[in-house]
Structures are given as C-alpha cells and as structure tokens.
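Only one structure is covered here, and it is reproduced in the block below.
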Protein chains: 2
Amino acid sequence: MRPRSIALATALALACAGLQAAPAASGDTPDAASLRETAKALFGPIPKKVDSVRGQAITAEQIELGKSLWFEPRLSRSHVISCNTCHNVATGGADNVPTSIGHGWQKGPRNSPTVFNAVLNAAQFWDGRASDLKEQAKGPVQASVEMNNTPERVEATLRSIPAYVEAFKRAFPGEREPVSFENMARALEAFETTLLTPDSRFDQFLAGRNSLDAAELRGLSLFIEKGCVACHSGPNFGGQAYYPFGVVERPGADVLPADDKGRFAVTNTASDEYVFRAAPLRNVELTAPYFHSGKVWDLGQAVAIMGSSQLGHELDAAEVESITRFLKTLTGRQPQVTVPVLPPSTAATPRPE
Amino acid sequence: MRPRSIALATALALACAGLQAAPAASGDTPDAASLRETAKALFGPIPKKVDSVRGQAITAEQIELGKSLWFEPRLSRSHVISCNTCHNVATGGADNVPTSIGHGWQKGPRNSPTVFNAVLNAAQFWDGRASDLKEQAKGPVQASVEMNNTPERVEATLRSIPAYVEAFKRAFPGEREPVSFENMARALEAFETTLLTPDSRFDQFLAGRNSLDAAELRGLSLFIEKGCVACHSGPNFGGQAYYPFGVVERPGADVLPADDKGRFAVTNTASDEYVFRAAPLRNVELTAPYFHSGKVWDLGQAVAIMGSSQLGHELDAAEVESITRFLKTLTGRQPQVTVPVLPPSTAATPRPE
C-alpha cells in the first residue's frame, strides 16, 4: 500500500467517525433522518450566491464585464477560442472531450475541469497550481496549447475597444489603469462566482425534503461508508485537498498516463508524484469523460476504478449502481446565462493570428 | 466594362428612378422627409418577428429545440464546434475572422456570413447554393473543413440522448421518425428565424423619427445616388440577388482570389464566374472582415473598393466617410439569447473523434 497523505488519513478518520450515525446494512434503506445529519456534517449545500472573494466584495459591474470576457474570443490569439469553448456553460461548465482542443487544434494535457461551483474549491487546476480563480484565469489565456496569447496582446486588444475601456473603468473605479491583464482575471473571477448550481436534489434532501429515493439514499450511505467521502467532502464533494491517484493500487496507464505526475510538477516533491486535487463531484453526470486523463466515459466505471485504486475495495455491481445513482442527485440548477453582445474591434485591435 | 446581369441593370434603373425624389447636393443635408419616402420604397425595416417559413408556421417547440442544436457541439465530429462557433450570436452572428476555422483547424474557403436576419435573404451562402436556411444548415455539419460529420452520425447522436428524442417529438408531433437530419435542419432554421435585429437607428428613421444626423442622412442619400442600392436593397440591404464582384473593375487577387469563382461552381455557367450574392449589410459594423474573402478589415476601405469595382466611381474621402457612417446606423437591437442547458451523452452516444 502506498503512503497516504496526512490530509487523507484525517479525512478518513473523520468520515469513519461520521459514519457511526448511519450504518447501511446491505440492501436496506438507510434511515433518512440520521443520514441527513451525517451528510450535513460532511458536505453542505451549494450556496445560492457568493458575494466576495479574498474579503473583497464583488460588484455587478465586475460580473457584467467578466461575462463579456468569458465569451470573448479575442482573448485568444486566433480570435476563435473563448473561456466558454472549454468551460461551456451549456454542458456542465466543461467540454465533454477527453482533453481540450486549443490553438492550432493542439490537445491539452488534461481534462478540462468544470467552472461550475469552482469558486468553492480550495485551489484551481488538477494540480492546484493556482490558489484562486483569478490566478487560474491567467493560465489558459497564455498557454500555447490553449489560447496562446500574451498579457501585452490582451491589454492592447482590450484598450483598442472603447466599450471595454469604459466597462473596465466602471468595474474598477478609481484605478490609475483599469484595463489590465490582472483586472481581466479579476473580472473573469467575478463572473465565475455566479456560476453556481444550487438546489440539487441532494441539497433539497439536506434541507429536509424527501427528494432522494431508496436507491439514492443507499448510494449516499455507501459513499460515506466505503470512504469516498475521505477525499470528496465539503459542499463541492471534493476540490479541497490533494491525494495520490492510486492510494491503494495505481490504475493502469490507460487511465493514469505515466508522463503526467500531477502535483509533483508544482512542488517537485517525490511524495507528490501522481497526486491530484480530488475532483469536485457536483454535476458529475454532466462532465464526462472522467479523471484528469479524461479516459473514462462511464460514471459507474469511474466509481469502480475509484473503489479499487483509492479504497482498495472491489465495489460490487449493486454498490457501483447505488453510488452512481446517488451522484446523479448532485446535479443542481444550471446557471442561466444570456450571451453578451460584444463590442466590435477597431483599427487598433490586433488581428487574429 | 464587364457585362452586367439583367437584375443589376433593373435594380440600377429603379434606384435612379427612386433617386429623383432626393438629390443630395454635395455637403448639403438632404431633405429628410423625401429621403425617408425614397428609403421606404427601396429598403424597409427588419421585422420584429418571422412567423413562418415556406408557408409553414414555426412553433415554440421547434425554436426551443433549434436553440439547443445551435449551441450543440456534438453536431460536429470533434464535439468541439457548434453552429455558434462560426455564427456567434455574441459577435453580430459571424466570427470576425477572415475565413472560419473548422475541424482540425482547417480554414474554410470563405468568410462566414452573419446568421442575423438571414431568413430575409433570397438564398443562403455566398453563392446562393442553398435556397433556404433549412438547406443551408445541412452544409456546415457535413463539410469536412467545418464540422466534418455525417447525417447518420448526427442522427445516432441525437437518438442516443433521451431528452433530444423527447424534444424532437414535441417539435415535430405526429411524425413517424421525428429525430432526423432533416428535422435537425428544420429546427435550426426555426431558431434562426428568431435572430432578427429590428429597431436600428435606420429603422427608427423609416418609422418617422429623427434618429439620423446630417452626416448619416448624407450617407444614405449617397448610398442611393451612387448606385450602391442597385445590389444592396430590400430590408436586409442585400441578400436578394447575384452580381459579379467587379461589375466595372475586377479587384486585385488580394481581395478577389482567382481560385474562388463564386456562383460559377453552382451553375457552371461562364457568366457566373466571380458572381456572388450581394452581401446583406445589416449590422455590417459588427461583421468585419469583409467580402467573401474576408480580406478587408476596414469598413471605409470596403466601401471604397465597392465604389471602384462595382460602380466605376472613385468615391472621395468625404463620400466614403458619409456612407460608412450611414452603414453604422444599420446596427439593430441584437438578439438576447440565453444559453441552453444541453442534456448529457449516454453510453450509446458516438464519441468525439
């Protein structure tokens, strides 16, 4: 057995402690009321609104600007790719391909994580290399395999378009130079905080409603009992800490390619080899294919792989089915986003390349 | 001078007849009232709604389905490209690149025409090879340089997703097999009929308001007087008939590449060499770059080229400026489109390739 992180051990202990309240005899419907109390302690609902980031209030003007930038293909060198290309608000905030296609039809190294509820994650990217959405937003714009742009070119683009200059002034009043790459990232983050999916059937259950059927309740109970919750806890069912993919048994290279060592690339620490941020599981039924490699299309198969690789437990078919059914109750109300009307380029706007 | 089509000659005669009512002395503000009457006869406002196509009523269910399909990347083989990729409702219904980028980052042969108000065109594509939007919609889905898909694969995709099967049943009730490539095209057409841009400042002028300033009125007068209206008439300011690019003087290969002979490819008739459908000019300030080649970024430059190539008239700088200012009054109220929430794939859904 490979070494576990301290966080994992702690989480497992917590999960096991929580479990006392709701043991699930195989095939039985767990007691909904006690399961609800356990679930409240381990998870929590998706909030309807996030009002601030890093202690700073988010303004309507920042959200409005951020929405335009979110759909803005001119943030990319080609003028073809926008944030929404790979984090599509029509499809669970992700792109439903194994790894994203970027500039020049290059394939990115990892599956595109959903933007929905991402503000609730402790850090961003599969390896957590960005501490928040503001830092995250600067990555894909510059990545050569994604939007392939530069901060200078982005700023030149935005400054060449009068409506953007005005929108940045409104969003960042009193600043000497409101139009900046940094403020682009802040505005994108502001918009992203609105991409929440509250009111899932699971959240309705937490709130006291009988919104889960017996199979789903059994799945929830198994999710806790088997130890999934050790990594996938909190309101986002994950996104809070880092764990080796293959805590117990490393999956094959078809699912865990040898050349992507995960968080090791960030920390250069041997114990971080093949360590990834636990994927948030909200809306997981909408975000196939799964894992950082995007190699697994079937949610049940993903659950089974997690059982063997992370928990050292071969889940039987009925267990996989119950957990999968439960996971589908995590699909919340999807954000309603009206496409912005973007202002036209001017003679000074850099041309697509 | 190259031969003109009969349609062009007729239109020019009509334009000149119309002109009698409103001669524009250079530099003078034309008489707004008489200019309005002339403009009403030559153009006409964009309607607020289109209720039917080919005599068949459009239903709300067809529009709703069509909107989902419009944003549906799974209509493409890659699962990355949707109709909205190249006809972006955020950017004037076009993509603002010289020629669109499609499957495998291939560049298409021609500039992507706007979808806005396209239902008002007499035929679709730069060469008019589709008689309506339904026929048009089948093209890019199958084109190897665009979405690179097949009707069979599209149907397999849509039939694999229960929510689409239900939506097709609602949109095409009573049909034996509602989920079909043909009905995909009908639904897309239904949605596209909602992409209208009424209430431009020009349309407000037609309705009797003083919404145009003196320079814009002068531009309108010049647009008629100089003969632009010969090809660019009707509510859409074009899109009704075919004309040689280079009626008087063929532009250089930088603007009119020799290898794209336009409508000749459709009719195989010598007189159709380098013949194109007159571009509709509504929202033209939002749809740079211009011409089928997408080679000209500046609207004023496009106006000047039209003057010399189509009218044999070197417009002076003031004339170009006035006409350009007038053209910007054709920008209407942009459609407000809420992004649909698309249903997830199933195990039976063909995977992206």
Side-chain angles (χ1 to χ4, degrees), chain A residues 67-68 70-74 76 78-82 84-86 88-92 94-107 197 283-289 294 297-301 328 331 333-347 349 351-353, chain B residues 67-68 70-74 76 78-82 84-86 88-92 94-107 197 283-289 294 297-301 328 331 333-347 349 351-353:
Chain A
K67 188 171 87 166
S68 290
W70 181 261
F71 286 95
E72 180 52 85
R74 287 168 294 189
S76 68
S78 65
H79 289 199
V80 168
I81 302 169
S82 72
N84 199 62
T85 302
C86 302
N88 192 336
V89 297
T91 54
D95 57 6
N96 299 138
V97 294
T99 63
S100 296
I101 289 175
H103 192 86
W105 209 257
Q106 296 173 90
K107 288 189 179 168
T197 65
N283 308 294
V284 70
E285 74 167 317
L286 304 179
T287 60
W297 284 89
D298 181 69
L299 183 54
Q301 189 189 349
K328 293 183 179 179
T331 303
R333 192 172 66 240
Q334 304 295 293
Q336 290 289 297
V337 180
T338 305
V339 181
V341 175
L342 301 178
S345 294
T346 65
T349 308
R351 302 272 161 79
E353 288 173 9
Chain B
K67 188 171 86 166
S68 289
W70 180 260
F71 286 96
E72 181 51 85
R74 288 167 295 190
S76 67
S78 66
H79 289 199
V80 168
I81 301 169
S82 71
N84 199 62
T85 302
C86 301
N88 193 335
V89 297
T91 53
D95 58 5
N96 299 139
V97 293
T99 63
S100 295
I101 289 175
H103 191 85
W105 211 257
Q106 295 173 90
K107 288 188 180 170
T197 65
N283 308 293
V284 69
E285 73 167 318
L286 304 178
T287 60
W297 284 89
D298 182 70
L299 184 53
Q301 190 189 346
K328 292 184 179 180
T331 304
R333 192 171 68 240
Q334 303 295 293
Q336 291 289 296
V337 180
T338 305
V339 182
V341 175
L342 301 177
S345 293
T346 66
T349 308
R351 302 274 161 77
E353 288 173 10

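Just so you know, these numbers use all the heavy atoms, side chains as well, and skip hydrogens, waters and symmetry mates. Chain letters run A, B, ... following the sequence lines, proteins first and then strands; every chain starts at 1.
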Heavy-atom contact with chain B under 4.5 Å, split by part of [X]:
X: A:Leu299; answer: neither
X: A:Pro289; answer: neither
X: A:Ser100; answer: neither
X: A:Val80; answer: side chain
X: A:Asp298; answer: neither
X: A:Ile101; answer: side chain

Determine, step by step, whether A:Val97 and B:Arg351 satisfy the side chain to side chain contact (heavy atoms under 4.5 Å, CB included) criterion, reporting the C-alpha distance in whole Å, the side-chain angles of both residues, the deciding distance to 0.1 Å, and the verdict.
-> CA-CA 8 Å; A:Val97 294; B:Arg351 302 274 161 77; over 6 Å; no

Where A:Trp105 and B:His103 come nearest, the two heavy atoms and their spacing |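 What the structure gives for the nearest pair is CH2-CA, 3.9 Å.
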
Heavy-atom pair of closest approach, residues B:Pro352 and A:Asn96 =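 Shortest heavy-atom contact: CG-O, 4.4 Å.
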
Test side chain to side chain contact (heavy atoms under 4.5 Å, CB included) applied to B:Val339 and A:Phe71, step by step = CA-CA 11 Å; B:Val339 182; A:Phe71 286 95; 4.2 Å; yes

Top contributor to chain A interface from B:Ala288, B:Ala90, B:Pro340 [non-hydrogen pairs under 4.5 Å] |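 Between B:Ala288, B:Ala90, B:Pro340, the count favours B:Ala90.
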
So which of A:Thr346, A:Asn84, A:Val341 has the largest heavy-atom pair count under 4.5 angstrom toward chain B?
->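 Sorted descending by pairs with chain B, the first entry is A:Val341.
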
In Å, rounded to the nearest 0.5 Å, how long is the span from CG of A:Asp95 to NE2 of B:His79?
->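 Nearest 0.5 Å value for the CG-NE2 distance: 11.5 Å.
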
Would you give the length of the straight line joining atom CG of B:Leu286 to atom CG of A:Leu342, rounded to the nearest 0.5 angstrom?
->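 Answer rounded to 0.5 Å: 10.0 Å.
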
Of the backbone (N, CA, C, O) and the side chain (C-beta and beyond), which part of B:Ser82 lies under 4.5 Å from a heavy atom of chain A, both, or neither?
->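 Neither part.
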
